2 protein chains.
Amino acid sequence: MDEPRKRSRPGRAPAPAGRTARPRQSEVARLAGVSQATVSLVLAGKKQGATISDETRQKVLDAARSLGYVPDPAARRLAAARNDLLGVFSFTATFPTDVQHSYYPFLVGVEQEAAARGYDLVLFTGSSTGGAGAAGPDALSRVRLADGCLFLGRHAPAGELRRLVADGFPVVHIGRRDELEGLAWVGADYVSASREVVGRLAALGHRRIVLIREDDDAPASTDREHGFLKGLEAAGLPGGPAAVFRSAAPERELTAERLRGWTDDGVTAFVAEETDTGGAWRALRTAVRDARVDCPSEVSLALLGSPPPDLADGPQVTGFDIPRTRLGAAAVRLLAALVAGEEAAEPLVSCVFRAGATAGPPPAP
Amino acid sequence: MDEPRKRSRPGRAPAPAGRTARPRQSEVARLAGVSQATVSLVLAGKKQGATISDETRQKVLDAARSLGYVPDPAARRLAAARNDLLGVFSFTATFPTDVQHSYYPFLVGVEQEAAARGYDLVLFTGSSTGGAGAAGPDALSRVRLADGCLFLGRHAPAGELRRLVADGFPVVHIGRRDELEGLAWVGADYVSASREVVGRLAALGHRRIVLIREDDDAPASTDREHGFLKGLEAAGLPGGPAAVFRSAAPERELTAERLRGWTDDGVTAFVAEETDTGGAWRALRTAVRDARVDCPSEVSLALLGSPPPDLADGPQVTGFDIPRTRLGAAAVRLLAALVAGEEAAEPLVSCVFRAGATAGPPPAP
DNA sequence: AGGAATCGTTAATGCGTATTAGTTATGCGC
DNA sequence: GCGCATAACTAATACGCATTAACGATTCCT
């Protein structure tokens with residue numbers, strides 16, 4: 001005879017008054033007249049260990065239903081040595097006051113893919129405030145509570161990241177990040193996308209195309225230039241340093257005069273890289289307007305990415321879209337693979353060409 | 001002598017190659033030369049059981065840090081403790097493809113407040129896709145992994161919610177929801193806000209004001225009407241059924257004629273309730289336009305909420321803003337209190353009056 | 001000086017479930 | 001009728017952590 005149900009282990013926080021204890025497998029077992037293990041086996045429902053008689057199975061199922069049994073996820077996860085949690089860590093707030101600055105598009109994909117794979121997400125509210133985790137050197141160590149973790153933005157401290165990677169903790173970075181040996185990441189395929197844009201322009205009849213880029217060397221910039229040059233080459237067009245202009249105020253500013261010079265010289269199309277400020281694109285638009293050349297009848301313009309929000313109105317810009325949602329999903333897929341101990345897959349996600357209205361055939365000579 | 005680390009319990013999924021398992025308290029203990037219990041005591045950090053020497057405490061902390069120890073949430077939870085995780089559950093996708101339909105404004109507040117209190121967030125990717133969780137009767141049971149859970153939207157199945165509440169699991173619903181006995185919730189104080197709007201109109205000199213509402217009885221509608229009537233009463237203005245118009249197409253539609261009837265009868269201001277469709281406000285604007293009365297010179301208009309996004313341009317509408325971000329924060333505060341076993345606090349968050357330009361003094365008689 | 005009170009730590013136990021190694025029934029062949 | 005495989009369960013154990021009773025070592029008191 002065992003004590004009824006009054007289990008009041010001392011020291012245990014007193015259960016909130018009036019709280020009906022949830023039924024456990026052991027209670028289902030008692031009601032069904034079998035052992036707890038049997039209940040577990042039946043409820044696991046695996047077709048594999050089918051060594052349970054139909055009669056017993058039914059008794060257990062009935063008992064479980066009548067008691068309203070629900071498994072305790074904590075216990076389940078503890079016993080299974082996994083918790084079906086994927087972390088999401090962004091150095092800045094994940095939900096900044098301004099949606100524009102948020103990772104929302106990524107999160108859409110992350111949530112979808114995570115849900116599809118049965119994972120829940122842990123948002124580490126790190127960094128932003130020093131709440132309880134403070135900003136110690138082990139600030140990132142809480143992420144280990146998940147089975148693996150996604151990092152957004154390039155602000156994650158390299159040292160800590162390296163540590164996680166070295167420990168074999170599954171980590172995926174959204175955005176190219178290959179200076180960190182062994183870090184898995186997913187990124188947009190700027191090379192191919194840029195190359196395609198050039199290809200489209202060439203197909204329209206353009207023979208001389210110039211890339212306007214800013215004067216820094218982020219991977220995103222380098223990739224685009226690389227793709228641009230490959231595109232020229234593939235189309236049999238003149239490449240070389242003359243096809244690329246690094247604008248740098250004030251010495252090498254993109255002025256209307258300079259633009260005129262190019263068009264007079266036979267250049268019929270311009271391509272600008274996308275950056276977070278949209279600097280190159282802004283400069284290009286301004287120069288075109290000041291030079292009083294019409295787009296797209298006199299010059300064609302294309303942007304290697306999407307225009308900044310404040311320039312988003314007006315006719316659609318020829319260029320490509322970065323599939324952030326798909327990137328988020330790809331990141332989760334990759335992370336799930338790492339968690340499962342598989343090898344990393346293809347990290348590049350292709351961008352989608354956007355025809356737009358700022359490019360057309362070159363003017364007749 | 002115990003086996004080194006090769007713990008390969010049969011049946012357990014083999015750890016991914018090369019992956020160092022997360023450190024456990026027992027490993028921290030070994031490194032620090034103490035027992036697992038001591039580690040637990042030290043890491044619990046309770047000032048209460050201060051029966052640990054500073055020297056030992058330091059050894060343990062160092063060991064934990066150097067191993068990157070992080071407690072297993074499932075184990076913690078199982079041992080009837082807390083794990084500093086708050087759940088966020090929305091029946092629809094938390095990050096829908098369209099930001100407009102998302103809970104973003106709430107999440108901003110939720111994240112801020114959670115971070116400030118040292119909680120991380122678990123996003124339960126429920127329902128939306130049938131991924132792994134399917135739609136069983138225990139769909140909500142996963143939330144029990146967290147210390148408590150926030151529910152967004154009124155789609156959370158009442159049965160499951162009731163179950164969680166009955167079991168004493170801390171739950172907070174964002175948005176009024178008092179048909180469910182014992183469910184904690186936070187909501188906007190529509191009564192006070194509506195009352196204030198009426199007060200402002202009265203202060204401007206309006207003596208007859210009519211409320212245009214839709215024909216349903218959601219709490220949000222009832223609250224607004226209640227506040228509206230209280231406002232009239234406080235200002236000593238005529239209330240009663242005549243002051244409220246339930247528009248219901250087609251029998252009782254809000255037509256220009258009807259509007260004219262009111263203005264001819266001395267009504268100088270109209271107030272519409274906000275709904276998700278914005279129906280009442282749309283009808284009111286249309287009627288005013290068709291009746292060719294000018295706003296605000298001839299009639300004053302106010303909206304008990306914010307205009308729908310597609311009507312957001314033009315002059316600002318007199319009314320009030322629902323402080324979604326603050327609501328999110330308030331929800332977290334309440335949830336934290338419940339988790340701590342305290343009693344629920346004030347669930348209402350006040351709205352902010354928005355002066356706008358659609359209301360002014362009544363025309364001279 | 002002998003016993004009590006105190007301090008610092010550890011051994012032991014439980015949380016609820018999954019898994020596996022038994023342990024009984026039952027049926028079978030010879 | 002006696003092993004022996006098979007079926008149907010159950011006992012035992014581990015998961016990682018929190019909690020507490022118990023214990024050895026000091027220090028304190030009278």
Side-chain angles (χ1 to χ4, degrees), chain A residues 2-3 7-15 21-30 32-46 48-60 64 67 69-83 144-145, chain B residues 2-3 7-13 15 21-30 32-46 48-60 64 67 69-84 138 141-142 144-145 167:
Chain A
D2 48 342
E3 55 184 273
R7 98 165 76 80
S8 72
R9 174 168 152 223
R12 176 151 294 235
R22 209 156 24 105
R24 313 294 161 182
Q25 280 190 352
S26 59
E27 312 188 21
V28 174
R30 202 177 313 153
V34 299
S35 74
Q36 175 268 322
T38 302
V39 173
S40 176
L41 286 177
V42 170
L43 295 183
K46 302 277 188 179
Q48 189 236 33
T51 171
I52 300 278
S53 74
D54 282 350
E55 184 192 338
T56 301
R57 179 186 307 281
Q58 203 50 51
K59 270 193 309 189
V60 170
L67 286 182
Y69 170 80
V70 193
D72 180 330
R76 200 196 265 276
R77 290 176 183 187
L78 181 56
R82 54 181 311 192
N83 46 41
R144 297 179 118 106
L145 131 187
Chain B
D2 46 20
E3 54 185 276
R7 100 163 73 82
S8 70
R9 171 164 153 228
R12 178 150 293 234
R22 269 195 1 233
R24 312 292 154 179
Q25 280 191 351
S26 60
E27 313 188 22
V28 174
R30 202 176 314 153
V34 299
S35 74
Q36 174 266 323
T38 302
V39 174
S40 176
L41 287 178
V42 170
L43 295 183
K46 303 276 191 181
Q48 187 234 33
T51 170
I52 299 278
S53 74
D54 281 349
E55 185 191 338
T56 301
R57 178 185 307 280
Q58 203 50 52
K59 271 193 307 187
V60 170
L67 287 181
Y69 170 81
V70 138
D72 180 328
R76 231 178 148 108
R77 198 66 196 132
L78 189 57
R82 46 188 304 182
N83 51 31
D84 291 336
D138 56 339
S141 97
R142 1 175 37 182
R144 302 182 118 105
L145 179 66
D167 286 354

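Below, each value reflects all heavy atoms present in this structure, side chains not excepted, and no hydrogens, waters or symmetry copies. Here the structure is a predicted model, which means the values were calculated and not measured. Each chain gets a letter, A, B and so on, in the order its sequence line appears, and its residues count up from 1.
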Is any side-chain nitrogen or oxygen of [X] closer than 4.0 Å to OP1 or OP2 of [N]?
| X | N | value |
| --- | --- | --- |
| B:Thr38 | C:dT10 | yes |
| B:Ser53 | C:dT9 | yes |
| B:Thr56 | C:dT9 | yes |

Return the value, rounded to whole Å, for the distance between atom [atom1] of [X] and atom [atom2] of [N].
| X | N | atom1 | atom2 | answer |
| --- | --- | --- | --- | --- |
| B:Asp72 | C:dC15 | CG | P | 18 Å |
| B:Asp54 | C:dC7 | CG | P | 14 Å |
| B:Arg76 | D:dG16 | CZ | P | 15 Å |
| B:Gln36 | D:dA18 | CD | P | 8 Å |
| B:Ile52 | C:dC7 | CD1 | C1' | 11 Å |
| A:Arg77 | C:dT17 | CZ | P | 14 Å |
| A:Gln25 | C:dT17 | CD | P | 5 Å |
| A:Leu78 | C:dT17 | CG | P | 11 Å |

Apply the test side-chain contact (heavy atoms from CB on, under 4.5 Å) to residues A:Arg22 and B:Arg144: give CA-CA distance (whole Å), side-chain angles for both, the deciding distance (0.1 Å), then the verdict. CA-CA 12 Å; A:Arg22 209 156 24 105; B:Arg144 302 182 118 105; 3.1 Å; yes
Closest non-hydrogen atom pair, A:Val70 against B:Ser141: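 Where A:Val70 meets B:Ser141 most closely, the heavy atoms are CG1-CB, 3.2 Å.
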Select base, sugar-phosphate, or nothing to describe what A:Val39 touches, counting heavy atoms under 4.0 Å on all strands.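 It contacts nothing in the nucleic acid.
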For the pair B:Tyr69 and B:Val39, evaluate side-chain contact (heavy atoms from CB on, under 4.5 Å) and give the outcome as yes or no after the intermediate values. CA-CA 11 Å; B:Tyr69 170 81; B:Val39 174; 5.8 Å; no
Which is more 5' along DNA chain C, the nucleotide nearest A:Ala37 or the one nearest B:Val34? Just name the residue.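 Counting from the 5' end, the first nearest nucleotide belongs to B:Val34.
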Quick check: do A:Asn83 and B:Pro73 have side-chain heavy atoms less than 4.5 Å from each other? yes
